[in-house]
Amino acid sequence: MSYAQASLMPPFMRPPSRVAIVRSGSYDRDLGALLFEALREFDLPVSGKKVLLKPNFVEPDPEGVINTHPAVVGAAREAFLRLGAQSVRVAEGPAHERDTEGIVETIRLRDFLGPLRDVFVDLNLDEVHAVNLRTRASKLKQIYLPRTALEADYIVSLPKLKTHHWAGVTLSLKNMFGIVPGCCYGWPKNVLHWAGISPSILDINSTVRPDFAIVDGIIGMEGNGPIQGSPKPSGVLILGDDPVAVDATGARVMGLAPERIDYLAKAGVLLGHLRPEKIRQLGESVASVRTPFAVLPTFQKLVAANGK
Amino acid sequence: MTSGPLRGSYCQEFLITNQNTDGGWGYHPASPSAVETTAWGLAALISSRPAPPPAEVCARARDWLLQAQRTDGSWPPFPGLPQGCWATSVASQALHLQGGAQHAVERGLHWLLQAWPAEGTVWQRLRQALFPSHVVGQDPSLRGWNWTPGTASWVEPTAHALLFLRSLPPPMLPPQAAKRRQLAERMLFDRMCPGGGWNSGNPLVYGVAGVPRLGPTAWALLALRGYAERAEIQRSLGWLEGAYHTIHGPASLALAHRCMTAYGRRVPPLAPALDELYSRNRFFENVLTIAWVMLALNEEGSGAAPAAGEAASR
């Protein structure tokens, strides 16, 4: 749920979450139809709504490994439009690279979305508003956020399935760092690192909690992610109505234990479900698609026991 | 010149047309005025050749910057935000170029020279001495400038501050300026990626060489122009030259072109490439991009190619 509706509640009060795992071995399939069918299972309240897709665009990488693949972004846009959304915009504020247009052109986003001028928003340069954070995990208390994100009716986090050399993994919750505007905090948004990566992830997601998440795991990244890791073909899209549950499922697919990932474990307290018994699994099972990801030695402790 | 739209005159007209009624520019037409955009818009207009913009336009931009300055001499990203930031360098530099705001420039300079990044605190230095980091390969004793207070030094804000310091006539610089400048230049060299070029400021993470990026590389090279003969600079110019033909973004292209021109390297004419890029997304009507493009076009046209704000006193 977006800014105005974000709510915090402990697991015992929260209804079970739904997460679907869909197989797709390549980006050449009709991902729009695949996602549309998968999303229909969720009966999402998006008809007539302004939907905002937040992909993970980091670097001008033409290989499709670092960034959410534009085919997935285009497919998600098509699917939400078919579900009756009034508008579906794509918005991102890359953390390191100021030339956002350079990124979206390098990855050929136009090929999948058509003309970008009325569809894509650079969140780094959007109009900003001061927002009081709903939790106090970090010392930030207040942050400036872009109008486009604050005014969206329905936010979909669209990350890549990747390891992360500071946070362990980067999935739909970490992806929300991209809504923090560079025009206020710079490139990188170093204030989030100094306030603590894990606490900042919690504070941002408690304030602008994604309503839905779709993880591009068709080709993920293992090892020294999120930029310099190795491609990891995993052949899945992971989607669901609870970003914590989606990220927990993504971690399990990677062979990692979500409860050992600091920010995910804490997110399971107020932001969503971490425990498998609280996640209604649709589509493929985790076990059937599990693809253990290599991690840096410092994150070896995150690897799930017996690979489960 | 080509028959396409991307000429200095187009950029000038764009900036004049889209100046907010308060005198500033936002990141996009009709968006709230921002310090960085207004500073770069003003710097770009000042560089106009051969037809200067109406004096009134520049005067209004100058006045907006003056009223946006905080009492401590810094500039925030937007008026009303609680802290000064990297935009102080570019705002001070633009006002210095425009003239008529000597006191504001001095106050900006004073704030910058007092502004230290967070890695320089006693606590941080003690922690580093006791628990040296093996994750990032850089010397934390070398400090430049940060994006926002309370955070670490990064390449681009350090480069902006150095460019501002270099633009000032020596009599304006207090004694500590030389020390800050030297320290920051050493910091930039320390943060260079092993193969040349810069990323935002992490040249090595977990022993893996960082990948250079166009923007930080161009800014760092512009800030280090006094060291053109050093091997690191030549290596970085070589990286930039090799990457030049892969550029897909107008902001990066303008910066890279300015940088290559400043070092006397041969680069293809700018306008045809810009025309092609403009036809894709009209630069998303990004005012900052238009300002940087205008600076690059004007410098290319003049053949002189100084970085904006570099006064003859260099």
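Note on naming: letters A, B, ... go to the chains in the order of the sequence lines (proteins, then strands), and numbering restarts at 1 for each one.
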Among B:Trp292, B:Trp154, B:Trp86, the one residue meeting ring pair (Phe, Tyr, Trp, His ring centres under 6.0 Å) with B:Trp219:
B:Trp292
So which of A:Val191, A:Asn224, A:Leu296, A:Asn190 has the biggest tally of heavy-atom pairs under 4.5 Å with chain B?
A:Asn190
At a 4.5 Å cut-off on heavy atoms, which part of A:Thr100 comes close to chain B: side chain, backbone, both, or neither?
neither
Euclidean distance, B:Leu288 CG relative to B:Trp40 CH2, rounded to 0.5 Å:
8.0 Å
The reported gap from CD1 in A:Ile204 to OG in A:Ser138 (rounded to nearest 0.5 angstrom) is 8.0 Å
Structural part of B:Pro76 lying under 4.5 Å from a heavy atom of chain A:
neither
The interface call for A:Val121 against chain B, heavy-atom contacts under 4.5 Å, is neither
Does the plane of the ring in A:Phe120 sit parallel, tilted or perpendicular to the ring in B:Phe284? Use 30° and 60° as the thresholds.
tilted
Given heavy-atom pairs under 4.5 angstrom as the criterion, report whether the side chain, backbone, both or neither of B:Gln83 touches chain A.
neither
Proximal component of A:Arg110, with respect to chain B [non-hydrogen, under 4.5 Å]
side chain
Part of A:Trp187 within contact of chain B (heavy atom distance under 4.5 Å):
both
Do B:Tyr10 and B:Tyr278 have ring centroids that are under 6.0 Å from one another?
yes
Side chain, backbone, both or neither: which part of B:Val211 has an atom under 4.5 Å from a heavy atom of chain A?
both
Most chain B-contacting option - heavy-atom pairs closer than 4.5 Å, from A:His193, A:His96, A:Glu59:
A:Glu59
Between the CH2 atom in B:Trp111 and the OG atom in B:Ser74, the distance rounded to the nearest 0.5 Å is 5.0 Å
Residue, of A:Pro60, A:Pro62, A:Gly182, A:Gly186, that accumulates the most heavy atom pairs under 4.5 Å with chain B
A:Gly186
Spacing of CD1 belonging to B:Ile290 relative to CG belonging to B:Asn18, to within rounding of 0.5 Å
8.5 Å
More than 12 foreign heavy atoms under 6.0 Å from CZ of B:Arg282: is that the case here?
no
Please classify the contact between B:Ala30 and chain A as side chain, backbone, both or neither, with a heavy-atom cut-off of under 4.5 Å.
neither
Relative to chain B, which segment of A:Pro115 carries a heavy atom at a distance below 4.5 Å: side chain, backbone, both, or neither?
neither
What is the distance from atom OG1 of A:Thr68 to atom NZ of A:Lys54, rounded to the nearest 0.5 Å?
7.0 Å
Would you mind checking which part of B:Ser252 comes under 4.5 Å of any heavy atom in chain A, side chain (CB onward), backbone (N, CA, C, O), both or neither?
both
Output the distance between atom CG (A:Asn56) and atom CG (A:Asp216), rounded to the nearest 0.5 Å.
9.5 Å
With a 4.5 Å cut-off on heavy-atom pairs, point out which of B:Gly80, B:Ala87, B:Ala118 contacts chain A the most.
B:Ala118
If I measure from the heavy atoms of chain A, does B:Asn146 come under 4.5 Å with its side chain, its backbone, both, or neither?
neither
For the CG atom on A:Asp111, are there more than 12 heavy atoms of other groups (residues, nucleotides or ligands in this structure) within a distance under 6.0 Å?
yes
Of all heavy-atom pairs linking B:His248 and B:Leu277, the shortest is O-CD2, 3.5 Å
Go through the atoms of B:Phe78 and report whether side chain, backbone, both or neither lie under 4.5 Å from a heavy atom of chain A.
side chain
If I measure from the heavy atoms of chain A, does B:Arg280 come under 4.5 Å with its side chain, its backbone, both, or neither?
both
Of the backbone (N, CA, C, O) and the side chain (C-beta and beyond), which part of B:Ala152 lies under 4.5 Å from a heavy atom of chain A, both, or neither?
both
When only pairs under 4.5 Å are counted, which of B:Leu81, B:Thr148, B:Val208 shares the most heavy-atom pairs with chain A?
B:Leu81
